[in-house]
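Structure record follows, encoded as structure tokens.
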Amino acid sequence: MRLSQYYLPTQRETPADAQIASHRLMLRAGMIYQSTSGIYTWLPLGLRVLRKIELIVREEMDKAGGIELLMPTIQSAEVWQRSGRYDSYGKEMLRFKDRHDREMLYGPTNEELITEVFAQHIKSYRDLPKNLYHTQWKFRDEIRPRFGVMRGREFLMKDAYSFDIDYESAKKSYWNMFETYLKIFKRLGLTAIPVRADSGAIGGDLSHEFQILAPAGESTIYYDKAFDLVDFDNEESITQVQHLYAAADEKHDAASCPVSTENLRQAKGIEVGHIFYFGTKYSEPFNAKITTPDGKQVFAEMGSYGIGVSRLVGAIIEACFDGEGIKWPTSVAPFQVGLICAKTHDPKAVGFADAVYAKLLEVGVEVLYDDRDDRPGAKFANMDLIGLPWQVIVGSNAVEKGVIEIKQRVNGSRQELDLTSFINQLVV
RNA sequence: CGGAGCGUAGCGCAGUCUGGUAGCGCAUCACGCUGGGGGUGUGAGGGUCGUGGGUUCAAAUCCCGCCGCUCCGACCA
């Protein structure tokens with residue numbers, strides 16, 4: 001993408017309303033535009049990140065056996081009356097009426113709808129287990145939206161729902177999602193601590209919140225420092241994580257904590273995922289009955305698993321930024337490479353940069369080419385702000401020696417290379 | 001919802017107290033110089049001063065209503 005033809009309204013000055021780093025940086029980097037309180041337009045650069053996160057989540061969900069579908073944003077009051085949550089959910093639910101005066105709502109979550117869908121089609125133990133998910137916009141009319149997309153009213157969430165024949169099987173589904181979540185956050189370049197949480201309903205201890213470590217986090221968490229050493233890539237480590245201590249501020253009790261003081265870490269966390277098992281809470285009102293091998297009928301055992309996709313955009317920035325701007329993890333960066341021509345007055349340099357651009361496109365590298373006739377300093381600052389992992393700078397040495405300068409955003413390291421070597425490095 | 005503040009150019013703000021031609025910086029446009037860390041000079045464009053009403057010869061400014069946004073607290077992916 002040529003920057004001259006893109007839509008990237010970056011700003012030098014910090015908007016007054018933004019209080020925390022991620023919000024400021026998202027506004028300055030031209031990723032979002034606030035339409036009204038807690039509701040944002042995703043500008044092109046922000047959308048690319050949102051889509052990348054969504055894609056990683058989808059890939060891992062699919063690998064874990066999830067089946068994607070898509071439920072609507074608008075729901076009828078009827079299904080919520082059936083579960084009893086229409087009254088109990090409170091003012092966070094945005095309610096309105098259609099032209100026939102029927103009560104409608106903008107879905108804050110989808111347990112009711114999915115259970116209704118499931119009950120309509122699945123009747124036999126032979127079809128279980130099932131894990132159905134979608135990634136859809138939700139609306140929760142927060143009392144006070146803040147922190148940009150981290151607590152908006154409209155937000156994109158991946159929510160999955162598992163259906164099993166019995167508790168043992170449901171537990172397997174639960175831990176399968178537990179593992180999947182650790183893998184997802186790892187791929188996103190984050191350290192996520194699974195913290196035991198209240199399951200609210202019938203669920204015993206089967207509920208975890210996934211907290212991203214970041215100074216701007218709203219909750220304080222305590223965890224075994226062994227987490228810092230865990231590589232969430234392999235099965236053993238994930239099994240190991242299940243038994244490590246981690247608790248939120250309100251649940252942590254220093255007196256009864258099984259971890260010694262010197263092994264205990266305290267940090268701020270941003271909640272980006274929440275999983276829980278809730279048994280037959282919804283399968284009963286929706287009559288989601290399953291026939292067992294011996295011909296009996298039981299209610300499906302359910303769990304639900306949420307990831308705040310749009311919140312993650314902010315959370316990742318909170319975990320990855322410096323004074324100059326964002327430092328995107330490669331996996332979610334809106335572009336991999338930012339190409340800068342530092343000598344726009346030199347036709348040879350421009351020609352060289354154009355050729356580099358063409359080559360990168362040809363080999364499938366996502367590149368944002370700052371082809372504007374601007375001073376180098378302005379381009380560098382802008383590129384640092386939007387935080388692409390690699391900066392490729394075409395300067396005088398390009399024309400004279402045929403080498404380009406490579407700057408890595410994450411650590412500021414620089415090297416001079418020929419284009420082919422750089423491409424090889426990227427592909428690895 | 002309780003407490004507090006703010007709405008003036010795309011962004012950041014001054015002007016409001018004490019009513020009298022709507023301003024500054026950044027950004028934008030034109031031209032010149034400059035050309036490796038947001039450089040510089042000259043010139044230009046851009047405003048229902050959130051909105052409705054009231055007071056007044058005269059309202060961004062004073063009064064009343066409304067709307068919107070933000071901050072502090074309790075809820076949440």
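Predicted model, so just to flag it, every value in this text is computed and none were measured.
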Review point. Taking the side chain of A:Arg414 as its heavy atoms from C-beta onward, which of B:G35, B:G36, B:A27 lies nearest to it?
Key: B:G36

Review point. Counting only side-chain N and O atoms of A:Gln211, is one of them less than 4.0 Å from OP1 or OP2 of B:A77?
Key: no

Check your understanding: Reckon A:Thr14 touches a base, only the sugar-phosphate, or nothing at all at heavy-atom distances under 4.0 Å?
Key -> sugar-phosphate

**Study point:** Interatomic distance at P, B:A58 relative to B:G53, whole Å
**Key:** 15 Å

Point to revise | Separation of the C1' atoms in B:A14 and B:C26, to the nearest angstrom | key: 15 Å

Review point. For B:U55, what is the paired nucleotide under Watson-Crick or G-U wobble rules, both distances under 3.5 Å?
Key: none

**Study point:** Length of the line joining A:Glu218:CD and B:A77:C1', which is rounded to integer Å
**Key:** 12 Å

Review point. Got a second to check how far A:Glu60's CD is from A:Lys63's NZ, nearest 0.5 Å?
Key: 4.0 Å

Review point. Hey, which of A:Met150, A:Lys268, A:Arg151, A:Glu271 is the one that makes side chain to side chain contact (heavy atoms under 4.5 Å, CB included) with A:Glu218?
Key: A:Arg151

**Study point:** Centroid under 5.5 Å and tilt under 30°, A:His274 to B:A77
**Key:** no

Check your understanding: With a 4.5 Å heavy-atom cut-off, do A:Asp384 and A:Lys407 have their side chains touching?
Key -> yes

Review point. With a 4.0 Å cut-off, would you call A:Asp374 and A:Lys379 a salt bridge?
Key: no

Check your understanding: Which part of the nucleic acid does A:Gly377 contact within heavy-atom distance under 4.0 Å: base, sugar-phosphate only, or nothing?
Key -> sugar-phosphate

Check your understanding: Under 4.0 angstrom, heavy atoms only, what part of the nucleic acid is A:Gly273 near: base, sugar-phosphate, or nothing?
Key -> sugar-phosphate

Practice item. Specify the separation, in whole Å, of atom NE2 of A:His208 and atom C1' of B:A77. Key: 17 Å

Revision key, fill the gap. Checking N1-N3 plus N6-O4 or O6-N4 for Watson-Crick, or N1-O2 and O6-N3 for wobble, each under 3.5 Å, the partner of B:U61 is none

Review point. What class does the angle between the rings of A:Tyr181 and A:Phe210 fall in, given that below 30° is parallel, 30 to 60° is tilted and above 60° is perpendicular?
Key: tilted

Check your understanding: Mind checking the P distance from B:C64 to B:C6? Whole angstroms is fine.
Key -> 15 Å

Exercise for review: Take atom C1' in B:C75 and the same atom in B:G2, then report the distance between them in whole Å.
Suggested key: 15 Å

Check your understanding: Nearest of B:A77, B:C76, B:A27 to any side-chain atom of A:Arg12?
Key -> B:A27

**Study point:** Pairwise C1' distance for B:G7 and B:C13, with rounding to whole Å
**Key:** 13 Å

Check your understanding: Taking side chain as C-beta onward, heavy atoms only, is A:Leu132 less than 4.5 Å from A:Phe163?
Key -> yes

Exercise for review: Could you check whether A:Gln19 gets within reach of a base, just the sugar-phosphate, or nothing at all, counting any heavy atom under 4.0 Å?
Suggested key: sugar-phosphate

Check your understanding: So, is A:Ser37 close to the B:G68 phosphate, meaning a side-chain N or O under 4.0 Å from OP1 or OP2?
Key -> no

Review point. To the nearest angstrom, how far is A:Ile340 atom CD1 from B:G35 atom C1'?
Key: 14 Å

Check your understanding: Can you tell me how far P of B:U34 sits from CG of A:Asp346, to the nearest Å?
Key -> 15 Å

Practice item. Please work out which residues in residues 134-163 of chain A have a non-hydrogen atom less than 4.0 Å from an atom of RNA chain B and list them by number. Key: A:Arg140, A:Glu142, A:Ile143, A:Arg144, A:Pro145, A:Arg146, A:Met150, A:Arg151, A:Gly152, A:Phe155, A:Met157

Check your understanding: Can you find a heavy atom in the side chain of A:Leu385 that is under 4.5 Å from one in the side chain of A:Leu25?
Key -> yes

Review point. With a 4.0 Å cut-off on heavy atoms, is A:Glu13 in touch with a base, just the backbone sugar-phosphate, or nothing at all?
Key: base

Practice item. Assess whether one donor atom and one acceptor atom, taken from the side chain of A:Asp373 and the base of B:G35, lie less than 3.5 Å apart. Key: yes

**Study point:** NZ or CZ of A:Arg140 within 45° of A:Phe155 ring axis and under 6.0 Å
**Key:** no

Taking N or O atoms only and anything under 3.5 Å, show me the protein contacts with nucleotides 28-30 of chain B, one pair per line.
none

Exercise for review: Using the C1' atoms only, state how far B:U16 lies from B:G50, rounded to an integer number of Å.
Suggested key: 16 Å

Check your understanding: A:Gly308 or A:Ala18: which one's nearest nucleotide on RNA chain B is closer to the 5' end?
Key -> A:Ala18

Check your understanding: When you compare B:A60 with B:G15, how far apart are their C1' atoms, in angstrom units rounded to a whole number?
Key -> 8 Å

Review point. Taking atom P of B:G36 as reference, at what distance in whole Å does atom CD of A:Glu324 sit?
Key: 18 Å

**Study point:** Nucleotide of B:C69, B:G38, B:A77 approaching A:Ser310 most closely (side-chain heavy atoms)
**Key:** B:A77

Exercise for review: Give the ring-plane orientation class for A:Tyr89 versus A:Trp80, where under 30° counts as parallel, over 60° as perpendicular and anything between as tilted.
Suggested key: perpendicular

Point to revise | Under-4.0 Å side-chain N/O to phosphate OP1/OP2 contact, A:Lys379 with B:G37 | key: no

Review point. Base, sugar-phosphate, or nothing for A:Glu405, non-hydrogen atoms under 4.0 angstrom?
Key: base

Exercise for review: Once you apply the 3.5 Å cut-off to both distances, tell me the Watson-Crick or G-U wobble partner of B:C29, or none.
Suggested key: B:G43

**Study point:** Nucleotide forming a Watson-Crick or wobble pair with B:G73, both distances under 3.5 Å
**Key:** B:C1

Exercise for review: Please give the nucleotide sitting opposite B:G7 as a Watson-Crick or G-U wobble pair, both distances under 3.5 Å, or none.
Suggested key: B:C67

Review point. With a 4.0 Å cut-off on heavy atoms, is A:Asp374 in touch with a base, just the backbone sugar-phosphate, or nothing at all?
Key: base

Practice item. Using a strict cut-off of less than 4.0 Å between a Lys/Arg side-chain nitrogen and an Asp/Glu carboxylate oxygen, indicate whether A:Arg95 and A:Asp141 qualify as a salt bridge. Key: no

Check your understanding: Got A:Phe286 and A:Ser83 here, is their nearest side-chain heavy-atom distance under 4.5 Å?
Key -> yes

Review point. Across the strands shown, which category fits A:Ala342 at heavy-atom distances under 4.0 angstrom: base, sugar-phosphate, nothing?
Key: base

Review point. Quantified in whole Å, what is the C1' atom distance between nucleotide B:C62 and nucleotide B:C17?
Key: 11 Å

Practice item. Give the rounded distance in Å between these two atoms: CZ of A:Arg375 and C1' of B:C33. Key: 10 Å

**Study point:** Partner nucleotide of B:G19 by Watson-Crick or wobble geometry (both distances under 3.5 Å)
**Key:** none

Check your understanding: Between B:C13 atom C1' and A:Gln11 atom CD, what is the distance in whole Å?
Key -> 14 Å

Check your understanding: In a check of salt bridge (Lys or Arg N to Asp or Glu O under 4.0 Å) between A:Arg85 and each of A:Glu92, A:Glu112, A:Glu78, which one passes?
Key -> A:Glu112

Review point. Would you call the rings of A:Phe422 and A:Trp390 parallel, tilted or perpendicular, where under 30° means parallel and over 60° means perpendicular?
Key: perpendicular

Exercise for review: Take atom NZ of A:Lys91 and atom P of B:C76, then tell me their distance rounded to the nearest Å.
Suggested key: 17 Å

